[in-house]
Amino acid sequence: MGPGLRARKRAALERDLANAALTLVESRGFSSVTVDDIVEMTGVSRRTFSNYFACKEDAVAAVVLHRAGAGLADVFGRD
């Protein structure tokens with residue numbers, strides 16, 4: 001049995017925040033993006049953002065690490 005609804009929603013929001021951060025950084029450049037930009041794009045509050053990430057750097061790192069992990073899983077097989 002997989003994770004419950006709450007865990008799936010939490011993971012989805014974390015992924016959305018991280019993807020929004022990366023999208024904004026790719027289009028504007030890192031120094032031109034703020035947490036306010038990220039929360040505006042995702043429609044959540046700064047407080048909600050801070051429940052998932054300490055700063056924009058952490059959000060961008062999360063999606064980069066996730067993509068790297070998915071690439072490694074493809075190379076070495078999933079368990």
Side-chain angles (χ1 to χ4, degrees):
M1 182 174 201
L5 178 60
R6 178 177 281 180
R8 289 193 311 268
K9 283 185 173 186
R10 183 168 174 75
L13 181 53
E14 182 175 356
R15 188 172 47 252
D16 290 347
L17 288 165
N19 285 331
L22 185 63
T23 297
L24 289 167
V25 166
E26 288 174 338
S27 67
R28 296 184 190 174
F30 196 83
S31 62
S32 297
V33 175
T34 65
V35 171
D36 286 332
D37 296 328
I38 298 166
V39 299
E40 182 179 328
M41 185 174 193
T42 55
V44 301
S45 68
R46 284 181 64 91
R47 184 177 176 129
T48 298
F49 178 90
S50 69
N51 287 333
Y52 293 85
F53 302 106
C55 58
K56 69 178 180 182
E57 292 84 355
D58 289 350
V60 172
V63 74
V64 171
L65 290 173
H66 174 75
R67 288 180 181 179
L72 290 172
D74 289 342
V75 170
F76 294 107
R78 299 182 191 270
D79 290 328

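This one's a predicted model, so the numbers in the text were calculated from it and none came from an experiment.
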Subject >> Sequence neighbours excluded, every pair satisfying side chain to side chain donor-acceptor pair (under 3.5 Å) that has a member inside residues 24-34 >> reply: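 Non-adjacent pairs meeting side chain to side chain donor-acceptor pair (under 3.5 Å): R28-D37, T34-D37.
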
Original post:
Would a hydrophobic clustering, with Ile, Leu, Val, Met, Phe, Trp and Tyr connected at side-chain separations under 4.5 Å, put I38 with L65?
Top reply: no

Original post:
Would a distance-only check, ignoring hydrogens and angles, find a side-chain to backbone donor-acceptor pair under 3.5 Å from R46 to V35?
Top reply: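 No; zero donor-acceptor contacts below 3.5 Å.
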
Which heavy atom of [X] sits nearest to which heavy atom of [Y], and what is that distance?
X: A59; Y: A21; result: CB-CB, 3.8 Å
X: V39; Y: S45; result: CG1-O, 3.6 Å
X: V44; Y: L17; result: CG2-CD2, 3.7 Å

Please enumerate all residues that pass salt bridge (Lys or Arg N to Asp or Glu O under 4.0 Å) together with [X], with sequence neighbours excluded.
X: R10; value: none
X: R15; value: none
X: D58; value: none
X: D16; value: none

Subject >> side-chain contact (heavy atoms from CB on, under 4.5 Å) assessment of K56 paired with V25 >> reply: CA-CA 10 Å; K56 69 178 180 182; V25 166; 5.8 Å; no

Original post:
Does a side-chain heavy-atom distance below 4.5 Å link T48 with L13?
Top reply: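 T48 reaches L13 side chain to side chain.
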
**OP:** Could you name each residue pair satisfying ring pair (Phe, Tyr, Trp, His ring centres under 6.0 Å) that touches residues 8-53, not counting sequence neighbours?
**Re:**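 Matches after skipping sequence neighbours: F49-F53.
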
